[in-house]
Every structure is written in C-alpha cells, then in structure tokens.
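Order of appearance sets the numbers: ligands from 1, and atoms from 1 within every ligand. What you see below is based on every heavy atom in this structure, not just the backbone, and it leaves out hydrogens, waters and symmetry mates.
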Amino acid sequence: MNPVEVDTARRTSGCPVAHGPLSAERTPTGCPVSQRAADFDPFENGYQQDPPEYVRWAREQEPIFWSPKLNYWVVTRYDDIKAIFRDNITFSPAIALEKITPTGDEANAVLASYGFALNRTLVNEDEPAHMPRRRALMHSFIPEELKHHEPMVRELAREYVDRFIDDGRADLVDQMLWEIPLTVALHFLGVPEEDMDTLRKYSIAHTVNTWGRPKPEEQVAVAHAVGNFWQYAGKVLDKMRENPEGGGWMQYGLRRQRELPEVVTDSYLHSMMMAGIVAAHETTANATANAMKLLLQHPDVWREVCEDPSLIPNAVEECLRHNGSVAAWRRIVTADAQVGGVDLPAGSKLLIVTSSANHDEGHFADADLFDIRRDNASDHLTFGYGSHQCMGKNLARMEMQIFLEEFARRLPHMRLAPQQFSYVPNTSFRGPEHLWVEWDPKHNPERTQPALRRLDEPVPVRIGEPSKGAITRPVVVESATPVADGIVKLRLVAPDGRAMPRWAPGSHIDIECGHPDLSRQYSLCGDPADAHALEIAVLREPSGRGGSEWVHAHVKAGDKLKIRGPRNHFHLDESTRKAIFIAGGIGITPISAMARRAKELGIDYQLHYSGRSRDTMAFVEELAALHGERLHVHAGSEGRRNDLAALLAKPDADTQVYACGPVRMLQALEAHCAHWPEDALHVEHFESTLGTLDPSQEHAFEVELKDSGMTVQVPADQTILTALRAANIDVQSDCEEGLCGSCEVRVLAGKIDHRDVVLTRAEREAGTKMMACCSRACDGRLVLEL
Ligand code: HEM
Ligand code: FES
C-alpha cells in the first residue's frame, strides 16, 4: 500500500496514527494495521520477559493499536490508560476474568461437570452492583485492620528464611515467596491452612485457564484442576458458614450478608473465595520475586537498601512500577468512545498494558531508570486505578516490605545465581517461575550477631503509600567552609562519587541533623550544572530550633549526612521577560541560584541583597563578579536599606518578583506588591503558619471521590489526607503542613478553605486544586478527582 492510500484510510476511519509498514490486516474500524501491530503476540517470550520493552515501539509511535492475533485493542500510554480506569461505565471491567483464549468443548464439559460457575466477583462487576459490594467489604482492608496481620507475616518470613539460611543457595520462589503470600491470603480470607499443595496446583491452573493459552491437550487437565479449585472453595465456605464469627474477610462477608443479602449474595461469596485467593496470592508472590530479581540485578542499589532499610517502602513502590506483577489488565467498551484520538466502537475489547504505562516518559522522567528514590513511583498503575483499584494493595505492600526487610537484614550478601528466567505464558500475571540466589553462609551476619535473627521490636511497617519524607540519600561532606560571619558553606557529594540528583534553582534539601526526627530545610545555592555536588549555606541561629546550631557544632569535611530531596516549591518561571530578585540575609541561597539562571536565560533582572553588614553577608564578591551592575547590595552598616516602596512603586505585567528572607521583609513585600498583577510575587516559605488542628474551631464535612466512586467523611479533628488514607486512598505527601505542594488534589466542586502557602492567589480563586494535608471545605462537601 502506498502512503496516499494509507492517508485515505486514516481519514476515513478517523485514526490519528501514522502507521509504519503495513500488514494485510485491518482494524474493525477499517483502518490499516501496521506490521508490528499484526505481529504483536503477548504469549511470545519477548512479552513475557519484558512487557514494557516489547511494546516500546507502540508507546512511542502507535500508542493504541489493533492486535489481530488477540482481537483486542492494545493501549500502551499512561494518560490513555488512566482515562480508561477513570470511566468504568464506558470501559467496563466485565471481561477482566474472561478467558483470553476460549477453551474447547471438551474442557468446557469438564468444567460443567464440577458445577463450575465462577461468577462476577468485584474486579469484573459492573455498576451499580459493584460499588455497594466494594463498600460493604472494604472494612477488612483499611490500615487499622491490616495492622493485625503484620506479626503473622513477620513470623512466616522469619521461619522460611531459617529453613535455608545455612544452605548458601535457594530458589526464593519455590522455597518462600510462593508459599507465604498463599498462607497470608488464606489467613486473610479466614481459610484453614491445610491443603496448601493442592491449592497451589489449583491456583496455577486458574491463571493458565484465565490469562494463558493452554494447548488443547492441556486444557482438559487445567479444567479438572479449576473444577477442583471451585469445589474446594465451596466446601470451605460451607465450613465457615457454620462459624461465621472468625476474623477473616470471608467471615466478615458472611456477616455482611446477613445485613445486606441482596448485595453480598451466595454465588458472589463462592466466586470471591476462589478469585480472592488468586488475587491475593500470585500477585504478591510474583511482585516480590520481580522485586528481588530487580534489586539483585542492581547490586549497588541492593547494598544501599541493606545499609538503609528506611528506603524499603519506596523501593517496593519503584519495583512495582518498574517490574510489577500485573503486566496488563482488561476492559470492554460499552458505548462508542475515543481514547487518545482513536475511535473505539462499543464492544471493543481492550488490553491495557499497565506495565507499559509505568514506563511512559510522559509521566515518569527517565522512565527506564530503576530509581528507588523516585518521588512519583507510587503513581504506577500496577494496582489499577479508580473505583476498582486493588483493595489488597496495602496488604501486598506490607508483605513485600517485610520480605525485603528480612532479606536485607539477614542475607545482605545474597546475589543472583546464573540462570535463565521463565514465565508462565499469559497476558497479565507475571513473575519468574524460579529465582535462584546464592551467598556464602560463612558470612551470614547472624553468625556473629545472633540478635539479627529475630528483631525483638521491629519498626512497624508504614501501611499505605510510602511517604516522600522517608526517602533519604547518604552524602559525604566534601568541604565545610566559612563564607561570612556565622555562615558555613557545605559541599555535599555522593559517597561513591556518582552524580548527585539534578535540581533546578529554588530547590531545597532536608538535612537530618543528628536524629531522624530533627531535619531542617536548606536551599541549594550552587550551580545546577555542577552534577558532582550539592551546595548549601547555613546561618548559625542561636534562637532557632536547633538544626543550624547542630550543623555548626558538628559537621566537618569527611562527615556522612543523610539528606532528602532535592525538592522544589519555589520555581523560577523561565519564560518571564523581567525579574526582580530580593534576598534578605541567608535568603540569598535560593535567590543566588535563580539569578544565575536568569543570567543564563537572558532575562532582564535586578538582584537586591540586604544584610546587616558585608561581613555577615555570604557570597557578596562572587555575586558582584557574576552580576556586575545588576547586583544591588544594601548593607545596613553602610546606611543602605532596600527601599521596597520605591522599587515596587510601579507594577509591571512583564516582571516577576522572587523573594526569600526574614518574615518581616516578606510581609512588607506582600504589602508593597498588593497593587501588582496577581501572582507576580513568589516567596520561599520554610515555616508553616498552620497551627495544630483545633477541632473546636473546625467543622466536619464530606469529600466525594469522583474516580473511586465513594464518599469519605472528614471529622472536625482530622485532615482530608488522614481521612483519605484511612479509607485506603493513596495521596502523596511530604511536609504535611501546607509548604511543599506534594499533596495537591484536583477539586471538581465545592468551596475550598485554602490554608497552605503553596498556591498562588489566582490558583486559590480558581478553586480547582487544593492541598489535602491542611486545606478544608468551607461548607459541607467537596468533590475531588480521586
Ligand atoms: C483488584 C493488582 C494484591 C485483592 C486488582 C486489580 C489489579 C490488582 C490490577 C484490578 C484493578 C482495576 O481494575 O482498577 C494487584 C497486585 C497485587 C495485588 C499487583 C500485589 C502486588 C492483592 C491482595 C489482595 C487483592 C493481597 C487481597 C488480599 C483485590 C481485590 C480487587 C483487586 C478484592 C478487586 C477490587 C474491585 O474491583 O473493586 N488487584 N493486587 N489484591 N485486588 Fe489486587
Ligand atoms: Fe506538603 Fe501537603 S504535604 S503541602
């Protein structure tokens, strides 16, 4: 076909994609199918080994394509997939558990002989039935309830490691990771532990039956196993009915059935019993195997995790993003729709490759890089999103954290053994069948430190999404140089000499000042182009909160420190034509980096720097050399003050004002800028103006979550963030005092009582976003896009 014909076809079908070399196939909408789309086969080894790599071409060139081999549309980009998850009415999950390869008559007859009637569960149930059921059954998954399972998971992890720790070699899948999540799943459901081996066989068969392509001769055996699984689930459920007072999720379901018999039906409970085991078991076993494989393939990262286990929660999240255990999920289109500009007629089946979304450069910077400090790792779609998002995500996170902790503490010297990885061919569930690791038992740390075998008081896992505040990075102080009276400049480098993270002017880092609970924020003042080091300048403040005193008293060249960040909530608008930079005292740190950038960009700027006297003002000479006449030094001892009233007398729509300095100076600036255009003034805040929440001054309200289809009550003594977390909704956070902007959520309706210092006046007035950690509702209700 020549290019002209392609074009015609595109125009008639409304397809926006410029296809590459074409095959003889056409999509159901009449559009030509590219050769690569025609070749796409998720049962091939390429997809099994690395799904996001296998569809890289699609993500980059043809993000939604028709697969003639599968008879599915395949969706590969983050935004398109999230849009599909958001709308579970147009994109129904009804086919989520449908067999991807229909079985033959013989296998169907076998299934029927067992009375197999796996029905809608939660994951493939449409509205309006789904949400009432999800709500009725959510209680067992809230963080408060999950806590009770933590000691059991720890005990199991310890016992299993005990079994092989002296062997020097183990298949982590066969010897631990397969069995523990199954046991945990059974405990969680309330099922007795017996018949574990049989169950194991059954649940593999169920995966092959649903997501795989069993050969005709295998289909009958698989059908027998699935039939047995079904009958077993029924028997256990009958046993539970006799004593529905137990603590498991199924017993809870049976009790809810008494109250809501038409919502929690018999057939539903039977299906849920079987589907629940699969949902909780293989997903978590595979996720941990994938995570350990990935970590051991990056020995430097593994070493860091072993040295600093506080990195584990975010490492788990990054593993789920980079190499999760659910590679793709399914939806069916219920009414003609468009996604990413492609027409999808009603009835179209969609394979949404979430593992590809997780590697989409449009959402994750340097997406293929495995970075355990990535601060949006938990935006991954491995747990799905919206009203069907995985209910068990926090149980899975807890298990994974505990397994990683156990390995990091007891087997830090473990490495991958040479091996070929194999996967059970299927579109969705993905993990290596075996994961061989080896180590020298002579070097087991507990041989010299027996206490490591079992922690008496383990730090409880953080249930839920990891906090950004927990992501620390070790640094070494390369130099500590006095740069003015009471001011020391620290140059911080990576312990292994590697590049430091990239940053933009206005960014700050948090330094742990001798104790994890004492950390202080310092703006970066060096040159962002210097990839080798981060530089800060610290003023000794005797009346401060102790951080700067500690730095001055203790920190010297060669010391090791822990930092978090860099993070930026004081951005320079690089498109501005003119800028006025105003610094007071140590406030010069972020301002100096901004002014340097303004110079590079050719922005027309002035730099005003005030202080008591030149010997208390850092960097004056350097700044003069760099900025020449653009620098205005206002030293009090020389009788010079920055006349803000004069400087800001005439508002200018093309000028942005950036300021950092003492609170009094910033307040004066706000007053002097009152007649300036909205949002002209940008101020760096390091201290929150929020007090503690005073319930007697607050009112309760509700937040409706549009994407999740639920309503959460926010009592007078809770923040929205706390209430959302208690309801299992993930929202990132960092400062939790309205300073950093990480907990921003989109608001669709309702009047917001803004309490942060991040949003600009215009953003507040627009009323479309808010900080969930501090801001509240003016009235009784807000609607959020969550
Ligand atoms: C749903 C993944 C562990 C219970 C889902 C969905 C995915 C998923 C992709 C569908 C989401 C959607 O349609 O938006 C995972 C992964 C896990 C994991 C990757 C482990 C790493 C668990 C565990 C449990 C569980 C441990 C139970 C204890 C459920 C349930 C649903 C679900 C009940 C259905 C929710 C609904 O449709 O309302 N999971 N899951 N999952 N998962 Fe998980
Ligand atoms: Fe920092 Fe809310 S978490 S503003």
Side-chain angles (χ1 to χ4, degrees), residues 81-82 84-86 88 91-93 96-97 120-127 130-131 133-135 137-138 140-141 146 149 181-182 184-189 248-249 272 275-291 316-317 319-320 324-331 352 354-355 380-400 428-431 467-469 567 569 685 688 690 707-710 719-721 728 731-745 755-759 770-775:
I81 292 183
K82 199 146 176 190
I84 290 169
F85 274 132
R86 271 208 172 105
N88 66 327
F91 305 105
S92 150
L97 301 182
R120 297 289 181 99
T121 59
L122 274 170
V123 81
N124 57 353
E125 180 65 284
D126 280 316
E127 306 306 341
H130 163 258
M131 274 320 285
R133 209 172 262 174
R134 182 169 163 114
R135 275 184 219 117
L137 296 170
M138 182 57 105
S140 304
F141 293 93
L146 291 183
H149 301 290
L182 178 54
V184 174
L186 295 171
H187 274 290
F188 178 79
L189 288 161
W249 188 38
M272 194 61 210
I277 294 174
V278 181
H281 171 209
E282 290 178 41
T283 47
T284 315
N286 284 335
T288 318
N290 288 333
V316 162
E317 224 57 35
C319 290
L320 285 166
S325 54
V326 171
W329 209 243
R330 288 184 280 160
R331 291 289 191 258
I352 46 181
T354 42
S355 54
H380 67 74
L381 297 178
T382 305
F383 289 129
Y385 176 77
S387 55
H388 284 270
Q389 195 190 37
C390 177
M391 284 163 82
K393 64 187 176 184
N394 288 333
L395 180 59
R397 284 170 166 153
M398 175 205 286
E399 290 185 53
M400 292 178 72
S428 298
F429 287 1
R430 195 179 157 274
S467 126
K468 276 197 208 171
R567 274 193 287 280
H569 45 85
H685 288 276
S688 170
L690 285 180
D707 294 347
S708 313
M710 60 196 276
T719 62
I720 296 182
L721 188 67
N728 258 358
V731 176
Q732 299 210 349
S733 75
D734 181 3
C735 70
E736 302 196 3
E737 45 183 344
L739 291 170
C740 72
S742 29
C743 64
E744 180 179 304
V745 291
R755 305 198 180 169
D756 63 282
V757 295
V758 180
L759 295 180
M770 71 187 292
M771 297 304 143
C773 70
C774 57
S775 300

- request: Considering only non-hydrogen protein atoms, determine which one is nearest to atom 22 (C) of ligand 1 and report residue, atom name and distance to 0.1 Å.
  value: A279 O, 3.4 Å

message: What verdict does the side-chain contact (heavy atoms from CB on, under 4.5 Å) test give for R133 and M272, after you've listed the backbone C-alpha separation in whole Å, the side-chain angles of each residue and the deciding distance to 0.1 Å?
response: CA-CA 11 Å; R133 209 172 262 174; M272 194 61 210; over 6 Å; no

query: Where does A280 meet ligand 1, judged by heavy-atom distances below 4.0 Å: at the side chain, the backbone, both, or neither?
result: both

query: So, is R331 polar-close to ligand 1, with some N/O to N/O distance under 3.5 Å?
result: yes

- prompt: Are the side chain of T121 and the backbone of A275 linked by a donor-acceptor contact shorter than 3.5 Å?
  reply: no

query: Non-hydrogen atoms of S325 versus ligand 1: any pair closer than 4.0 Å?
result: yes

query: Do any N/O atoms on K393 end up under 3.5 angstrom from N/O atoms on ligand 1?
result: no

- prompt: For L395 and ligand 1, does the shortest N/O to N/O distance drop below 3.5 Å?
  reply: no

query: What residue and heavy atom of the protein are closest to atom 41 (N) of ligand 1, and at what distance?
result: C390 SG, 3.0 Å

- line: for atom 4 (C) of ligand 1, nearest protein heavy atom and its distance come out as G392 N, 3.7 Å

Close approach of H130 to ligand 1, heavy atoms, under 4.0 angstrom: yes

task: Would you check if there is a donor-acceptor pair between the side chains of H388 and H130 at a distance under 3.5 Å?
output: yes

Within-cut-off N or O pair, T284 and ligand 1, under 3.5 Å: no

Heavy atom of the protein closest to atom 17 (C) of ligand 1 (residue, atom name, distance): T283 CB, 3.3 Å

task: Determine the interplanar angle of the F188 and W249 rings, folded into 0 to 90°, and report it as parallel if under 30°, tilted if 30 to 60°, perpendicular if over 60°.
output: tilted

message: Centroid separation under 6.0 Å, is that true for the rings of F383 and F85?
response: no

- prompt: Side chains of D126 and S92: do they bring a donor and an acceptor to under 3.5 Å?
  reply: yes

query: What's the shortest distance from atom 11 (C) of ligand 1 to any protein heavy atom, and which residue and atom give it?
result: H388 O, 3.2 Å

For atom 9 (C) of ligand 1, closest protein heavy-atom neighbour: T382 O, 3.4 Å

message: Return all protein N, O or S atoms below 2.8 Å from atom 2 (Fe) of ligand 2, chain by chain in residue order.
response: C743 SG, C773 SG

